[in-house]
**Q** 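Okay, handing you the structure first.
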Amino acid sequence: MTEEGAGVGYRQVSAGRCKVVTRGNHADDAWALLRHGTLYEAAARIPGARSLQGRGVSYAIALPVSGVQAVVRHNRHGGLLAPLTGDLFLPPTRAPYELLVARQLAAAGVKTPDVLMIGVSPVLGIFRRSDVVTREIIGGRDLATFMQGSEPLESRRAAWAAARALVASLNAAGARHHDLNVKNILIALDGAAWVLDVDRVAFGEPNASAIRSGNVERLRRSARKWRDERGAEFDESEFSALD
């Protein structure tokens, strides 16, 4: 992926075999990280990096030059084949698509963390590994944490109201999120909901009702699973405004 493909304001830098597309104002951050390997390898070595658990470990860091708080994630496969495919992707990997989708969502008014840079490295001949660096939503908590029994009822209701507003914005943008779940909706300190893992978002489905029902049902299944398997607090009425 080139800076032209990413859009205005991005540029490409590289070191060794790793190529990075970065916002122009973070080029110095990219160079500084690449002195220590890939973006993800460098983040793991930064003193004070905070480990975030998800599909593998991500790192919350201050970028080395600008000091901007960011999250560095290494792309990994999910699903049944994950133990075999691991972190190996065919080019161009998911990272360029995630960058483009994040820009498209933001332009449509959907809250998703700004992608500051992506990095792709060749490995084992035709395969690639990739990393994504996004701006951190400081103090954000995923929707699942608001479903704990210890969470105040008002706080839980406010989180679900924010999640419903987020789903409505995805629907209005014509964006179908094929892995919308209670772990990739982040509630910020100001109460707004942000969507993560946007490499699973698709545009262009011709049927608006299919987009709407797909988003709603995917999130509903996730919430029910957390209730049934983990004892999370969940009231079906949270979806009444979306049905």
**Q** How long is the straight-line distance from CG of Asp197 back to CD1 of Ile185, given to the nearest 0.5 Å?
**A** 11.0 Å
**Q** First locate atom CE of Met147, then atom CD of Glu238, and finally report the distance between them rounded to the nearest 0.5 Å.
**A** 9.0 Å
**Q** At their closest point, which heavy atom of Phe89 faces which heavy atom of Arg76, and how far apart are they?
**A** CZ-C, 3.9 Å
**Q** Measure from the side-chain N and O atoms of Tyr97 to the backbone N and O of Val201, and report whether any donor-acceptor pair falls under 3.5 Å.
**A** yes
**Q** Considering all heavy atoms of both residues, which atom of Asp87 and which atom of Arg129 are nearest to each other, and what is their separation?
**A** OD2-NE, 2.8 Å
**Q** Considering only heavy atoms from C-beta outward, does the side chain of Asp114 approach that of Arg23 to under 4.5 Å?
**A** yes
**Q** Restricting to non-hydrogen atoms, name the atom on Pro122 and the atom on Arg17 that form the minimum distance, rounded to 0.1 Å.
**A**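 Answer, listing the atom of Pro122 first, then Arg17: CD-O, 3.0 Å.
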**Q** What pair of heavy atoms forms the shortest contact from Ser14 to Trp31, and how long is it?
**A**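 Smallest heavy-atom distance, with atoms named: O-CZ3, 3.1 Å.
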**Q** Minimum heavy-atom separation for Leu116 to Tyr10, with atom names?
**A** O-CE2, 4.3 Å
**Q** Check side-chain contact (heavy atoms from CB on, under 4.5 Å) between Ser222 and all other residues, then give those that pass, not counting sequence neighbours.
**A** Asn181, Val182, Arg218, Trp226
**Q** Output all residues satisfying side-chain contact (heavy atoms from CB on, under 4.5 Å) with Ser169, sequence neighbours left out; order by chain, then residue number.
**A** Val110, Leu166
**Q** What pair of heavy atoms forms the shortest contact from Arg11 to Gly24, and how long is it?
**A**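 Closest pair (atom of Arg11, atom of Gly24, distance): CG-CA, 4.1 Å.
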**Q** Between the side chain of Asn215 and the main-chain N/O of Leu170, is any donor-acceptor distance below 3.5 Å?
**A** no
**Q** With heavy-atom distances below 4.5 Å as the criterion, would you say the side chains of Phe239 and Leu219 are in contact?
**A** yes
**Q** Going through the checks in order, is the side chain to side chain contact (heavy atoms under 4.5 Å, CB included) test met by Arg221 and Arg224?
**A** CA-CA 5 Å; Arg221 286 199 305 272; Arg224 286 172 173 169; 5.6 Å; no
**Q** Let me check something: any side-chain donor-acceptor pairs from residues 186-196 under 3.5 Å, sequence neighbours excluded? List them with distances.
**A**
from: Asp190; atom 1: OD1; to: Ala192; atom 2: N; distance (Å): 3.0

**Q** Quick one: pull up OG in Ser130 and NE2 in His74 and give me the separation to the nearest 0.5 Å.
**A**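 NE2 of His74 is found 7.0 Å from OG of Ser130.
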**Q** Got a second to check how far Thr145's OG1 is from Arg156's CZ, nearest 0.5 Å?
**A**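 Answer for the OG1-CZ pair, Thr145 versus Arg156, is 11.0 Å.
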**Q** Side-chain donor-acceptor pairs under 3.5 Å in residues 60-71, sequence neighbours left out?
**A**
from: Ser66; atom 1: OG; to: Asp29; atom 2: OD2; distance (Å): 2.8
from: Ser66; atom 1: OG; to: Val68; atom 2: N; distance (Å): 3.3

**Q** Measuring from atom CZ of Arg94 to atom CG of Asp199, what distance do you get when rounded to the nearest 0.5 angstrom?
**A**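 Going from the CZ atom of Arg94 to the CG atom of Asp199 covers 5.5 Å.
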**Q** With a cut-off of 3.5 Å and sequence neighbours excluded, list every side-chain donor-acceptor pair involving residues 33-44.
**A**
from: Thr38; atom 1: OG1; to: Glu41; atom 2: N; distance (Å): 3.1
from: Thr38; atom 1: OG1; to: Glu41; atom 2: OE1; distance (Å): 3.4
from: Tyr40; atom 1: OH; to: Val57; atom 2: O; distance (Å): 2.5
from: Glu41; atom 1: OE1; to: Thr38; atom 2: N; distance (Å): 2.9

**Q** If we ignore hydrogens and angles and just use 3.5 Å, is the side chain of Asn207 paired with the main-chain N or O of Ser209 as donor and acceptor?
**A** yes
**Q** Do the side chain of Arg141 and the main chain of Gly139 share a donor and acceptor less than 3.5 angstrom apart?
**A** no
**Q** Taking salt bridge (Lys or Arg N to Asp or Glu O under 4.0 Å) as the definition, give me every residue that meets it alongside Glu233, ordered by chain and number, with sequence neighbours left out.
**A**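 Expected list: none.
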**Q** Quick one, Gln53 and Lys183 - any side-chain contact, counting heavy atoms below 4.5 Å?
**A**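 No - every pair of side-chain heavy atoms lies 4.5 Å or more apart.
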**Q** Going through the distances and angles, do Val133 and Met117 end up as a side chain to side chain contact (heavy atoms under 4.5 Å, CB included)?
**A** CA-CA 5 Å; Val133 181; Met117 61 185 81; 3.5 Å; yes
**Q** Going by an N to O cut-off under 4.0 Å, is there a salt bridge joining Glu154 and Arg157?
**A** no
